[in-house]
Number of protein chains: 2
Amino acid sequence: MDTETVEKPDLAKSKRDRILEAAATVFCQDGYTGASIDAVATKAGVSRQTIYNHVGDKDGLFKEVVAALTDKSAAKFMLLMEEFPEKPDNVEAELTAFSARFLNHLTQDKTSRWLLRLAENESGRYPELFTVWREYGSGRKRSLVAAHLSQLALNGHLEIDDSTLAARQYLALLTAEWRAEFQLGRFPSEDECTGMAQRAVKTFLRAFGRR
Amino acid sequence: MDTETVEKPDLAKSKRDRILEAAATVFCQDGYTGASIDAVATKAGVSRQTIYNHVGDKDGLFKEVVAALTDKSAAKFMLLMEEFPEKPDNVEAELTAFSARFLNHLTQDKTSRWLLRLAENESGRYPELFTVWREYGSGRKRSLVAAHLSQLALNGHLEIDDSTLAARQYLALLTAEWRAEFQLGRFPSEDECTGMAQRAVKTFLRAFGRR
DNA sequence: TTCAAGTTGGACACTCTTGTCCAATTGGAC
DNA sequence: GTCCAATTGGACAAGAGTGTCCAACTTGAA
C-alpha cells in the first residue's frame with residue numbers, strides 16, 4: 001500500500017479513522033461492557049479481524065478512542081476560547097455572545113458530548129483515564145476560563161476575588177440548563193442556547209459585575 | 001410462612017429487601033449490562049433462583065430497584081426541605097446552613113447518589129424510567145426549591161423575577177463543586193460541604209439578595 | 001407430626017462475546 | 001504480470017451470562 005515500510009498514510013488511516021469513529025459511537029451508546037466489537041466492525045464497514053490488527057483488543061480500542069477524542073476536543077476548545085472577550089465595550093453583550101457560542105459548541109460537537117458521556121459512565125472502570133481527561137479536559141477548561149475572567153477583572157469589567165471559583169460558578173450557571181436538556185436526550189437549538197447564555201450571564205454579572 | 005394467603009411480611013420482606021439493596025449496589029457499580037444476577041445473588045446472600053422467584057427477570061429486578069430507590073429518596077428529600085428557612089433573621093447564615101445540610105444529605109444518602117448515577121448512566125436504555133425519575137425527582141426538587149425561594153422573596157429577603165430560574169441557578173451553584181468531587185469518586189466531608197455552601201450562597205446572594 | 005410455601009444449589013440449553021487462527025482475496029507498487 | 005502487505009470472512013475454543021427445571025432442604029404453622 002505504500003512504497004516504504006513507513007506506515008500507511010491514506011487508505012489505512014482512513015480505515016483506522018472509520019474504526020475509531022464507529023467505536024466512539026458504539027461505546028457512548030452502549031457503554032464499555034455493552035459495546036461489542038462486532039457492532040463496531042459492522043458500523044465501520046470493516047471486518048472484525050481488522051480491528052484486532054489495528055488496536056490489539058477491546059481495551060486498546062477503548063483507550064485509543066478516548067485518546068483521539070480528547071485530543072480533538074481539546075483542540076477545538078482552545079480555538080473557541082480565543083473568542084473570549086478581552087477588552088469589551090459592552091461586557092454583558094459580549095460575554096453573552098461568547099457564552100452562546102460556548103453552548104452551541106457543546107451541542108454541535110459530537111466529540112465533546114461523547115467524551116462527556118464516556119467520562120461520566122466509564123469513570124469507574126478506568127479511573128486513570130478519567131483523571132487524565134478531567135485534568136486535561138474539564139480542569140484545563142476551567143483554568144483557561146479563570147485566566148480570562150481575571151483579565152476582565154484587571155481591566156475593570158468585573159469584581160472578582162477568587163477567579164477559579166468564579167470560573168467554576170460561571171460554568172455551572174452557564175451549563176445548568178444545557179445539562180438538563182442534554183440528559184433528557186434533547187439538543188438545544190441555537191436560539192435556546194442564546195437564551196440560556198443570556199440568563200446565565202445576567203445572573204453572573206449581578207454577582208460579579210462592576211457595581 | 002403466613003397463616004392466610006395474604007403475603008409474607010417478615011422473613012420474605014427482609015429477603016426481598018436484601019435483594020433490592022444488593023441489586024442497587026451492583027447496578028450502580030457495573031451498569032445494567034455489566035451487572036450479573038449471580039453477583040447480586042452472592043452479594044445478597046441468596047440463591048439465584050430466589051431472585052427469579054421474586055422479580056421475574058433482570059428487567060423486572062432493575063425496575064423494582066429504581067422504583068424502590070426513587071420512593072426512598074423522595075421521602076428523605078421532602079423531610080430535608082422542611083428545614084428550608086422561612087422567616088430568617090439572617091438570610092445568608094440560615095440559607096448557608098440549609099445548603100450545607102443539603103450537600104451533606106447528597107453525600108451521605110447512598111440512595112440518592114445511586115439514583116443519580118443510575119439515571120445518568122441508564123437514561124439511554126430506559127428513557128421512560130428516566131423521565132419519571134426526572135419529573136418526580138429532579139424536577140420536583142427544583143419546583144420545591146423555587147416555591148421556597150419565592151416565599152423568601154415575598155418576605156423581602158430576596159429579589160427574584162423568575163423563581164424557577166433562580167432555583168435552577170441556586171442548585172447549579174450549590175452542587176457545582178460537589179459534583180466535581182463526586183465524579184472523582186471523592187465524598188466531601190462535612191466541613192468541605194460547609195465551605196461549598198458558603199461560597200455558593202455568597203454568590204447567589206450577590207445576584208439575588210436585597211440591595 | 002405433617003403440611004406447604006419458600007428456598008436452595010446444581011444441571012442444563014441457549015445466546016452472545018472475545019480473541020485466535022488461517023486460507024483466500026484484494027489492490028497498489030514495481 | 002508479480003509481489004507484498006492489508007484485508008476479509010469463516011471457523012473455532014473458551015468463557016460468561018440468562019433463564020428454566022427440578023429434586024432436596026428448611027421452617028413455621030396447624
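Side chains included, hydrogens not; waters and symmetry mates left out as well; all remaining heavy atoms used. Naming convention: chains lettered A, B, ... in sequence-line order (proteins, then strands); numbering from 1 in each chain.
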TODO: Record whether the side chain of B:Arg48 comes under 3.5 Å of the base of C:dG9 through a donor-acceptor pair of N or O atoms.
DONE: no
Roughly how many Å is it from [atom1] in [X] to [atom2] in [N], rounded to a whole number?
| X | N | atom1 | atom2 | value |
| --- | --- | --- | --- | --- |
| B:Gln49 | D:dC21 | CD | P | 9 Å |
| B:Asp38 | D:dA16 | CG | P | 11 Å |
| B:Asn53 | D:dC21 | CG | P | 12 Å |
| A:Ile51 | C:dG19 | CD1 | P | 11 Å |
| B:Tyr52 | C:dT8 | OH | P | 15 Å |

Open item on the list: Using a strict threshold of under 4.0 Å (side-chain N to carboxylate O), is an ion pair present between A:Arg199 and A:Glu177?
Closed with: yes
Task: N-O pairing of A:Glu21 and A:Arg16 below 4.0 Å - done: no
Open item on the list: Over all strands shown, is B:Ala35 touching base, sugar-phosphate only, or nothing at heavy-atom distances under 4.0 angstrom?
Closed with: sugar-phosphate
Report yes if a side-chain nitrogen or oxygen of [X] is closer than 4.0 Å to either non-bridging phosphate oxygen (OP1 or OP2) of [N]; otherwise report no.
| X | N | result |
| --- | --- | --- |
| A:Thr50 | D:dT7 | no |
| A:His54 | D:dA6 | no |
| B:Lys15 | D:dT26 | no |

- [ ] With rounding to the nearest 0.5 Å, note down the distance linking NZ in A:Lys43 to CZ in A:Arg18.
- [x] 14.0 Å
Open item on the list: I'd like to check the salt bridge (charged side-chain N to carboxylate O under 4.0 Å, His left out) partners of B:Asp30; sequence neighbours left out, ordered by chain and number.
Closed with: none
